[in-house]
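Reviewing the structure listed below.
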Protein chains: 2
Amino acid sequence: MSDSGERSTTAAPRKRADARRNEQSLLDAAAEVFVTAGVQAPVRVIAARAGVGMGTIYRHFPTRADLVIAVFRHQVDACAQAGPALLADSASPSVALTRWVDLFVDFLVTKHGLAAALQSDDAQFQTLHAYFLDRLVPVCERLLEAAAAAGETRSDVDAYGLLRAIGSLCAGAAGAAGTTESAGTTGGADTTEVAGVAADSGYDARRMVHVLVAGLAVPDP
Amino acid sequence: MSDSGERSTTAAPRKRADARRNEQSLLDAAAEVFVTAGVQAPVRVIAARAGVGMGTIYRHFPTRADLVIAVFRHQVDACAQAGPALLADSASPSVALTRWVDLFVDFLVTKHGLAAALQSDDAQFQTLHAYFLDRLVPVCERLLEAAAAAGETRSDVDAYGLLRAIGSLCAGAAGAAGTTESAGTTGGADTTEVAGVAADSGYDARRMVHVLVAGLAVPDP
DNA sequence: TAACTATACGGAGCGATGTTCCGGTTAGCA
DNA sequence: TGCTAACCGGAACATCGCTCCGTATAGTTA
């Protein structure tokens, strides 16, 4: 992933040094702003933080979704790659599914407003939605099929619906924090054991997702 | 519902006739606009439709939530009142709960963007959120407690969490329509038998809610 | 090294939307 | 009929997404 940008066909039309520098600045700035102000933070804020103008941010990331995807890409990929691994390592497909869902939920819940953005019907986030779906639906599908084949879950729920439902359930939780900002959480933000935060007034997205997944085990009606 | 407004203590400080006329115009206009453009429709549009100025709409309904609540109030009340009735009429508490949830879901799904607004962390909708909760949490609580007492559901999920989860699951579906506008739907918008619409790309909020509720039947982990 | 050009930069500016404010209008009453 | 408090309307201000274009510069070539 690191290295430069495109490097596949012929001689790469290498970008100018200042362009690449600015792109990186924007990614860093966006990552920081997303943590504090959420994925919906004003574009101007991100541009200002990166020390660039409005034109620059839109040149590098035509839509907000592009920026969001760029910031979270490797985390989504990691989640996607964890699917097959879990399926291989777990005692049963349904256990693998549960674990994978936990992974996904933990990712969503720790990103302010990400889940809400995924749910948004805003045209701006169409691409983001599509990216998540492209990456995760196939993975979830395999887990779901394996579980269904083992007779461990009902078969009338597809991966798309399940992922959307999970995203929805998480949107209620993560987004609510908003401007409140959860104390420090200095640097880390990865191994922070995000355990039972429950965030606002007692809504626990993880628990509700667990209930949902448990509902999959109930035989078809 | 009809009649005037406040009529409880002392001599009501009756509003002027034009004020009441405008308030009603706004309610009618808002109801119409909500159907086609969703609850998030621009304030100007509603004001224009009602044939009043910006000042007027804000004077009668200081926040958008106030307007939304006023438009849907009696439907929410109906939903709240259906709870005890279902509990009395159904074969078992869990059946009553399921039926009541269906009622609630049908209500949410048919109101463009309502569920999304409920989920929104926007301060503007705080009041709306609170209103729904005030009205429905007690009802849901009774159903849930009855079901738990009968040993039909797990007991670690409270009414608040369940309602929020349901709202979330519905937000994904209803909001997606957005600007697309569903044909005419001239006046009615009540007995339209909204059956199995499924709306966008195959996500069925009702089904996912059913899975969630089914998950409640799984014994505590 | 100096000139040149494709590339990139920056921010002013436009349109949309929420919200406030204030001068003009009018309903209800004496 | 005349008065006043209540009410109305929309201009005006603020925020935000997004575009456009004149300016600056990185990289190249003579």
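Keep in mind it's a predicted model, so treat the numbers as computed, not measured.
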request  = With sequence neighbours left out, write down each residue that passes side-chain hydrogen bond (donor to acceptor under 3.5 Å, both in side chains) with B:Arg49, or none if nothing qualifies.
outcome  = B:Glu32
query = Rounded to whole angstroms, how far apart are CZ on B:Arg20 and C1' on D:dC8?
reply = 18 Å
task = Measure the distance from CD1 on B:Ile46 to C1' on C:dT19 and round it to the nearest whole Å.
result = 14 Å
key: Residue closer to the 5' end of DNA chain C, A:Asp18 versus B:Gln124 (nearest nucleotide)   = A:Asp18
message = Assuming nearest nucleotide by heavy-atom distance, tell me which of B:Glu23 and A:Ala17 is located more 5' along DNA chain D.
response = B:Glu23
request  = Report yes if the side chains of A:Arg135 and A:Asp77 come closer than 4.5 Å at any heavy-atom pair, otherwise no.
outcome  = yes
task = Report yes or no: does A:Ser120 contribute a side-chain atom to a donor-acceptor pair with the main-chain N or O of A:Ala116 at less than 3.5 Å?
result = no
key: Distance in angstrom units between A:Asn22 CG and D:dA26 P, rounded   = 11 Å
message = Classify A:Arg44 by what it touches in the nucleic acid, base, sugar-phosphate, or nothing, heavy-atom distance under 4.0 Å.
response = base
inquiry  = Side chain of A:Arg16 only, heavy atoms from C-beta on: which candidate in D:dA5, C:dC9, C:dT7 is closest?
reply    = C:dT7
ask   = Taking CD from B:Gln24 and P from D:dC8, how many angstroms apart are they, rounded to a whole number?
value = 14 Å
query = C:dT26 C1' sits how many Å from B:Arg21 CZ, rounded?
reply = 10 Å
request  = Using a cut-off of strictly less than 4.0 Å between a heavy atom of the residue and any atom of DNA chain D, enumerate the qualifying residues of residues 47-63 of chain B by number.
outcome  = B:Gly51, B:Val52, B:Gly53, B:Met54, B:Gly55, B:Thr56, B:Arg59, B:His60
task = Take the protein atom CZ of A:Arg64 and the nucleotide atom P of D:dG17, then report the distance between them rounded to whole Å.
result = 5 Å
inquiry  = Please report the distance, rounded to the nearest Å, between NZ in A:Lys15 and P in C:dT7.
reply    = 13 Å
